[in-house]
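It should be emphasised that the depicted structure is a prediction, and the values quoted were computed from it without experimental measurement. For the single chain, residues carry numbers from 1 onward in sequence order.
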Amino acid sequence: MPRPTSKSELISAASETYEQLNELITSLTQTELLTPMKFSEAKKEAHWRRDKNLRDVLTHLYEWHQLLTNWVTSNLEGETRPLLPQPYNWRNYGEMNIEFWKKHQDTPLEEAKELLEKSHQEVMNLVDTFSNEELFSKGVYPWTGNNALGSYFVSNLSSHYNWAIKKLKAHRRNCKA
């Protein structure tokens with residue numbers, strides 16, 4: 001599926017990938033749920049080493065939903081702030097992801113599922129408040145920099161869900177190997 005470039009495509013892609021993610025989660029066996037995630041050392045991105053189970057993946061998605069909704073809401077209310085909280089930036093945001101991971105080590109899986117369900121709906125409701133032009137025209141909101149606001153929603157919804165699906169499928173393959 002190509003990257004969404006309109007509000008309707010954004011909503012459709014987010015809904016479809018979220019449903020795919022939930023179907024995959026529902027289909028995981030007890031063995032797959034209980035086996036710690038471990039991936040090849042050839043996978044260089046930090047997240048392949050960070051996340052150890054489904055809860056870790058779900059709480060990661062949840063925390064990024066929180067970043068997005070807080071960022072958009074604050075800026076719309078006149079409180080100019082960046083998407084990533086201090087001291088993080090796009091060069092060191094991996095450290096922030098580790099802090100999210102640490103924060104949720106005692107979060108039960110069922111709670112992680114509920115948190116993600118609620119935050120997904122909140123982000124979808126937020127998307128719905130914007131017009132197509134507000135989402136996909138550059139320069140509408142100065143706080144989005146050189147990007148259209150919609151690109152942040154795409155990254156936090158369908159693109160992030162695809163990342164989670166890829167990760168869970170890789171874990172499933174590892175469990176069968």
Side-chain angles (χ1 to χ4, degrees), residues 1 3-4 9-41 43-74 81 83-85 88 92-130 150-177:
M1 178 184 299
R3 188 169 173 88
E9 290 175 2
L10 166 61
I11 290 169
S12 178
S15 298
E16 288 174 25
T17 53
Y18 187 69
E19 185 176 324
Q20 291 169 2
L21 176 61
N22 279 313
E23 288 172 2
L24 177 57
I25 290 167
T26 301
S27 74
L28 293 173
T29 66
Q30 277 303 107
T31 299
E32 291 163 345
L33 287 170
L34 296 174
T35 302
M37 291 180 178
K38 186 171 170 137
F39 300 99
S40 165
E41 293 298 318
K43 295 188 182 287
K44 298 296 181 196
E45 296 94 346
H47 73 87
W48 293 106
R49 292 180 302 283
R50 181 192 67 226
D51 301 326
K52 305 296 183 214
N53 52 49
L54 177 59
R55 180 216 45 231
D56 294 345
V57 173
L58 300 183
T59 56
H60 175 84
L61 296 171
Y62 162 77
E63 288 292 344
W64 276 87
H65 285 168
Q66 297 309 294
L67 284 176
L68 180 66
T69 55
N70 292 334
W71 175 65
V72 171
T73 302
S74 293
R81 60 188 251 190
L83 174 63
L84 302 179
Y88 305 108
N92 69 1
Y93 73 97
E95 296 168 22
M96 178 185 69
N97 286 333
I98 291 169
E99 291 304 313
F100 291 158
W101 180 86
K102 288 177 184 176
K103 176 181 174 182
H104 287 284
Q105 288 308 289
D106 292 327
T107 301
L109 177 57
E110 286 308 312
E111 182 181 339
K113 289 178 182 178
E114 292 168 8
L115 289 170
L116 180 59
E117 174 65 31
K118 183 178 179 211
S119 67
H120 167 77
Q121 196 53 58
E122 289 171 351
V123 175
M124 294 298 285
N125 291 343
L126 188 55
V127 166
D128 204 40
T129 66
F130 294 98
S151 67
Y152 292 94
F153 282 105
V154 171
S155 294
N156 272 272
L157 292 166
S158 58
S159 294
H160 226 169
Y161 298 157
N162 280 324
W163 163 84
I165 290 167
K166 178 181 176 182
K167 183 170 225 170
L168 294 174
K169 285 182 175 179
H171 173 62
R172 174 174 270 169
R173 283 190 302 274
N174 285 347
C175 286
K176 290 181 178 174

(request) Return yes if a side-chain donor-acceptor contact under 3.5 Å exists between R3 and S151, otherwise no. (result)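 On atom types as modelled, these side chains do not qualify, holding no pair under 3.5 Å.
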Side chains of [X] and [Y] in contact at under 4.5 Å (non-hydrogen atoms):
| X | Y | value |
| --- | --- | --- |
| L84 | N92 | no |
| I11 | L157 | no |
| L67 | P85 | yes |
| M37 | W48 | no |
| Q121 | K118 | no |
| K113 | I25 | yes |
| V72 | L126 | yes |
| E122 | Q66 | yes |

(request) Start with the C-alpha distance between K176 and E32, add both sets of side-chain angles, then the distance that settles side-chain contact (heavy atoms from CB on, under 4.5 Å), and finish with yes or no. (result) CA-CA 9 Å; K176 290 181 178 174; E32 291 163 345; 4.0 Å; yes
How long is the gap from [atom1] on [X] to [atom2] on [Y], to the nearest 0.5 Å?
| X | Y | atom1 | atom2 | value |
| --- | --- | --- | --- | --- |
| W71 | Y152 | CH2 | OH | 4.5 Å |
| I165 | E23 | CD1 | CD | 9.0 Å |
| L61 | L115 | CG | CG | 11.5 Å |
| L54 | T35 | CG | OG1 | 12.5 Å |
| N22 | E117 | CG | CD | 6.5 Å |
| H120 | M124 | NE2 | CE | 4.5 Å |

Could you tell me which non-hydrogen atom of [X] sits nearest to which non-hydrogen atom of [Y], and how far apart they are?
| X | Y | value |
| --- | --- | --- |
| H171 | F39 | N-CE2, 3.6 Å |
| Y88 | M96 | CE2-N, 3.4 Å |
| Q105 | D56 | NE2-OD1, 3.2 Å |
| A13 | P4 | CB-CG, 3.7 Å |
| Q20 | N162 | OE1-OD1, 4.5 Å |
| A112 | T107 | N-CG2, 3.9 Å |

(request) Identify which one of T59, T69, N97 satisfies the side chain to side chain donor-acceptor pair (under 3.5 Å) criterion when paired with W64. (result)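 Answer to the side chain to side chain donor-acceptor pair (under 3.5 Å) test with W64 among T59, T69, N97: N97.
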(request) Please name the residue in the list H47, H60, E45 that meets the side chain to side chain donor-acceptor pair (under 3.5 Å) test with W163. (result)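 With W163 as partner, side chain to side chain donor-acceptor pair (under 3.5 Å) holds for just one option, H47.
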(message) Run H160 and H65 through ring pair (Phe, Tyr, Trp, His ring centres under 6.0 Å) and show every step you take.
(response) CA-CA 10 Å; H160 226 169; H65 285 168; 7.6 Å; no
(request) Begin with the C-alpha distance, continue with both residues' side-chain angles, and end with the deciding distance and a verdict on side-chain contact (heavy atoms from CB on, under 4.5 Å) for V127 and L10. (result) CA-CA 9 Å; V127 166; L10 166 61; 3.7 Å; yes
(message) Looking at N174 and K38, would you say the former's side chain and the latter's main chain have a donor-acceptor pair under 3.5 Å?
(response)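 A pair under 3.5 Å: yes.
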(message) Taking the six-membered ring for Trp, are Y161 and Y18 closer than 6.0 Å centroid to centroid?
(response)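 Aromatic pair counts; centres sit under 6.0 Å.
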(message) Using a 6.0 Å cut-off, check whether atom CG of D106 has over 12 heavy atoms from anything other than its own residue.
(response)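 No, not enclosed.
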